*Asks:* 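Sharing a structure below in structure tokens format, with a few things to ask.
Everything numeric here is computed off the predicted structure, so don't read it as measured data. Note that ligands are numbered from 1 as they come in the structure, with each ligand's atoms numbered from 1 the same way.
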Amino acid sequence: MSLKDKLIAEKLPNHIAIIMDGNGRWAKMKGNSRIFGHKNGVNGVKESSEACAELGIDFLTLYAFSTENWSRPKLEVMALMELLISTINSEVDTLMKNNIRLNAIGNLSDLPKKAYEKLMNAIEKTKNNSGLTLILALSYSAKTEIINAVKLISENVKNGEMDINDINEKVFENYLYTAGIPNPDLMIRTSGEQRISNFLLWQLAYSELYFTEVLWPDFNREELYKALFDYQNRERRYGKISEQL
Ligand code: FPP
């Protein structure tokens with residue numbers, strides 16, 4: 001029996017964010033190259049996005065490449081960019097078939113021209129899909145995102161377009177890359193590491209965190225259902241006490 005049958009439809013998260021970790025260790029365990037691990041990591045991307053689409057979840061954000069990842073060996077960085085291009089090429093029809101809209105956050109202009117153009121074309125092609133929104137975090141740093149928001153707001157205050165007293169949490173969120181996207185209800189990290197690693201620092205303030213030992217290439221639908229089952233058995237109090245909920 002699948003855990004899917006035990007999930008309560010009304011209690012599913014609206015937005016799931018995932019730190020996909022463990023590709024390198026997965027490959028090493030198999031005596032293979034890190035790049036082999038990343039190639040197999042595409043399975044996890046497909047499994048999790050298709051499962052979210054089937055369940056009717058609105059948003060899935062995948063941490064695919066951090067600004068810190070640019071410091072990896074050049075060959076690995078190039079392979080990841082090639083993988084992004086080839087995955088978009090091979091999967092865009094599946095996105096259309098599954099009614100998935102592609103989106104991206106991060107400093108996208110850092111991407112190599114070909115990867116950037118492929119990404120933008122796929123975003124454009126899928127923009128009218130109305131099911132799951134799949135957001136890829138690419139060349140992403142939460143600290144940069146926050147600094148960027150502060151600069152934009154400061155500029156508006158300096159120009160007299162905004163009063164300093166108008167700045168509040170809701171307004172601030174409009175200046176993040178994720179403007180208009182609800183904050184994640186659930187954040188999953190694979191591979192046993194228990195860190196946030198500069199991912200959605202603002203947006204994860206009240207998210208439930210789920211850590212699993214499973215390495216990303218082995219993360220499949222059933223693993224996602226496990227995380228969702230765990231999530232559904234938690235009480236989200238947002239600082240209140242149980243009796244107030
Ligand atoms: C972390 O594993 C994974 C990444 C930095 C890259 C994630 C990329 C993919 C899942 C494949 C391509 C994705 C798309 C969207 C096409 P790691 O290399 O840090 O693993 P390790 O900690 O075991 O070394």
*Asks:* Donor-acceptor check, side chain of Asn198 to backbone of Lys143, threshold 3.5 angstrom: yes or no?
*Replies:*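 Yes, Asn198 side chain to Lys143 backbone: donor-acceptor pair under 3.5 Å.
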*Asks:* On the 0 to 90° scale, with breaks at 30° and 60°, tag the Phe199-Tyr140 ring pair as parallel, tilted or perpendicular.
*Replies:*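 The rings of Phe199 and Tyr140 stand perpendicular, inter-plane angle above 60°.
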*Asks:* Using the salt bridge (charged side-chain N to carboxylate O under 4.0 Å, His left out) criterion, which residues pair with Glu124? Sequence neighbours excluded.
*Replies:*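 Listed in chain order: Lys127.
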*Asks:* Do Arg101 and Thr133 have side-chain N/O donor and acceptor atoms under 3.5 Å apart?
*Replies:*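 Judged by distance alone, the side chains do pair up.
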*Asks:* Quick one: do the Ser130 and Asn99 side chains pair a donor with an acceptor below 3.5 Å?
*Replies:*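 Present: a donor and an acceptor within the cut-off.
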*Asks:* Which atom pairs, nitrogen or oxygen on both sides, join ligand 1 and the protein at under 3.5 angstrom?
*Replies:*
{"residue": "ligand 1", "atom": "2 (O)", "partner": "Gly22", "partner atom": "N", "Å": "3.4"}
{"residue": "ligand 1", "atom": "2 (O)", "partner": "Asn23", "partner atom": "N", "Å": "3.4"}
{"residue": "ligand 1", "atom": "18 (O)", "partner": "Arg34", "partner atom": "NH2", "Å": "2.8"}
{"residue": "ligand 1", "atom": "18 (O)", "partner": "Arg72", "partner atom": "NH1", "Å": "2.8"}
{"residue": "ligand 1", "atom": "19 (O)", "partner": "Asp21", "partner atom": "OD1", "Å": "3.3"}
{"residue": "ligand 1", "atom": "19 (O)", "partner": "Arg72", "partner atom": "NH2", "Å": "2.8"}
{"residue": "ligand 1", "atom": "20 (O)", "partner": "Gly22", "partner atom": "N", "Å": "3.4"}
{"residue": "ligand 1", "atom": "20 (O)", "partner": "Asn23", "partner atom": "N", "Å": "3.2"}
{"residue": "ligand 1", "atom": "20 (O)", "partner": "Gly24", "partner atom": "N", "Å": "3.0"}
{"residue": "ligand 1", "atom": "22 (O)", "partner": "Asp21", "partner atom": "OD1", "Å": "3.1"}
{"residue": "ligand 1", "atom": "22 (O)", "partner": "Arg25", "partner atom": "NH2", "Å": "2.9"}
{"residue": "ligand 1", "atom": "23 (O)", "partner": "Gly24", "partner atom": "N", "Å": "3.3"}
{"residue": "ligand 1", "atom": "23 (O)", "partner": "Arg25", "partner atom": "N", "Å": "2.7"}
{"residue": "ligand 1", "atom": "23 (O)", "partner": "Arg25", "partner atom": "NE", "Å": "2.8"}
{"residue": "ligand 1", "atom": "24 (O)", "partner": "Arg34", "partner atom": "NH1", "Å": "2.9"}
{"residue": "ligand 1", "atom": "24 (O)", "partner": "Arg34", "partner atom": "NH2", "Å": "3.2"}

*Asks:* Does Lys30 make a cation-pi contact with Trp26, if we ask for NZ or CZ under 6.0 Å from the ring centre and within 45° of the axis?
*Replies:*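 Yes.
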